[in-house]
Amino acid sequence: FDSTGNVVFWNHGAELLLGFSKEEAFKKNIASLIVPDHAGGWEGIKKKIENENSFSCELFLQGAGPGKVLTSSKFSAKKDHSGGVNTILL
């Protein structure tokens with residue numbers, strides 16, 4: 001997703017795991033699609049990435065289905081020339 005949280009890439013694995021097709025996910029805000037079970041939610045994750053460039057954790061994600069999915073997640077920041085976070089890879 002980009003620095004504003006909009007999905008810019010959604011692969012087949014994400015479709016299967018979280019229940020949203022590529023068409024449903026593309027250009028939507030990540031917070032409207034999946035809810036992480038992490039202190040601070042997406043804002044907390046974004047702040048951690050901005051400070052550390054990347055981090056890994058286990059998250060329960062609420063996708064399209066009724067249950068939560070336990071994931072081992074790694075977040076990495078792609079930064080622009082001025083050092084600001086441009087894209088976050090999950």
Side-chain angles (χ1 to χ4, degrees):
F1 49 96
D2 65 18
S3 62
T4 64
N6 292 327
V7 173
V8 294
F9 179 79
W10 195 261
N11 67 24
H12 186 64
E15 289 179 337
L16 295 174
L17 184 67
L18 297 168
F20 295 104
S21 70
K22 185 185 309 183
E23 293 77 20
E24 290 174 304
F26 192 66
K27 298 274 186 176
K28 291 208 171 81
N29 193 281
I30 191 74
S32 71
L33 295 172
I34 54 177
V35 180
D37 181 17
H38 184 274
W42 286 116
E43 284 303 313
I45 289 170
K46 186 177 175 187
K47 286 180 184 174
K48 194 164 182 76
I49 293 167
E50 288 171 347
N51 292 332
E52 300 177 20
N53 290 327
S54 70
F55 81 102
S56 299
C57 64
E58 287 188 341
L59 289 177
F60 281 100
L61 298 176
Q62 177 69 55
K68 292 184 178 182
V69 178
L70 178 62
T71 64
S72 178
S73 302
K74 180 173 182 170
F75 298 87
S76 299
K78 287 184 74 180
K79 296 192 174 188
D80 60 24
H81 64 279
S82 65
V85 174
N86 186 338
T87 306
I88 298 171
L89 305 173
L90 167 60

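Source: prediction; values computed, not measured.
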Engineer: Side-chain contact test, heavy atoms from C-beta onward, threshold under 4.5 Å: evaluate it for Ser3 versus Asn86 and give yes or no.
Structural biologist: no

Engineer: I'd like to know if the side chain of Asp2 and the backbone of Val85 have a donor-acceptor N/O pair within less than 3.5 Å.
Structural biologist: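 Between the backbone of Val85 and the side chain of Asp2 there is no qualifying donor-acceptor contact (under 3.5 Å).
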
Engineer: When rounded to the nearest 0.5 angstrom, what distance separates NE2 in His12 from CG in Leu16?
Structural biologist: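 So the gap between those two atoms works out to 4.0 Å.
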
Engineer: If two hydrophobic side chains count as joined below 4.5 Å and joins carry through other members, does Val8 share a cluster with Leu33?
Structural biologist: no

Engineer: Between Lys68 and Gln62, which heavy-atom pair has the shortest distance, and what is it?
Structural biologist: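 Taking Lys68 first and Gln62 second, the nearest heavy atoms are CG-OE1, 3.4 Å.
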
Engineer: Flag yes if more than 12 heavy atoms outside Lys79 fall under 6.0 Å of its NZ atom; otherwise flag no.
Structural biologist: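 Count over threshold, so yes.
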
Engineer: For residues Leu90 and Phe55: do they belong to one hydrophobic cluster (side chain heavy atoms under 4.5 Å, members Ile, Leu, Val, Met, Phe, Trp, Tyr)?
Structural biologist: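 In one cluster: yes.
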
Engineer: How far does NZ of Lys46 sit from CD1 of Ile88, to the nearest 0.5 angstrom?
Structural biologist: 6.0 Å

Engineer: Can you get from Phe60 to Trp42 by hopping between Ile, Leu, Val, Met, Phe, Trp and Tyr side chains that sit under 4.5 Å apart?
Structural biologist: no

Engineer: Find the distance between CH2 (Trp10) and NZ (Lys28) and round it off to the nearest 0.5 Å.
Structural biologist: 10.5 Å

Engineer: Are Ile45 and Leu70 connected in a single hydrophobic cluster, I mean Ile/Leu/Val/Met/Phe/Trp/Tyr linked by side-chain heavy atoms less than 4.5 Å apart?
Structural biologist: no

Engineer: Would you say that Leu59 contacts Phe75 through its side chain, given a criterion of any heavy-atom pair below 4.5 Å between the two side chains?
Structural biologist: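 Contact flag for Leu59/Phe75 side chains = yes.
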
Engineer: Side-chain contact test, heavy atoms from C-beta onward, threshold under 4.5 Å: evaluate it for Ser21 versus Phe26 and give yes or no.
Structural biologist: no

Engineer: To the nearest 0.5 Å, what is the distance between CD (Glu52) and OG (Ser76)?
Structural biologist: 11.5 Å

Engineer: Which heavy atom in Glu24 sits nearest to a heavy atom in Gly19, and how many Å separate them?
Structural biologist: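 Closest heavy-atom pair between Glu24 and Gly19: OE1-O, 4.0 Å.
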
Engineer: Indicate whether any N or O donor in one side chain lies under 3.5 Å from an N or O acceptor in the other, for Lys22 and Asn11.
Structural biologist: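 Note: Lys22 and Asn11 side chains miss the donor-acceptor criterion.
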
Engineer: Look up atom NZ in Lys48 and atom CD in Glu43, then write down how far apart they are to the nearest 0.5 Å.
Structural biologist: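 Answer for the NZ-CD pair, Lys48 versus Glu43, is 15.0 Å.
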
Engineer: Leu89 and Ile30: same hydrophobic cluster, using ILVMFWY side-chain contacts below 4.5 Å?
Structural biologist: no

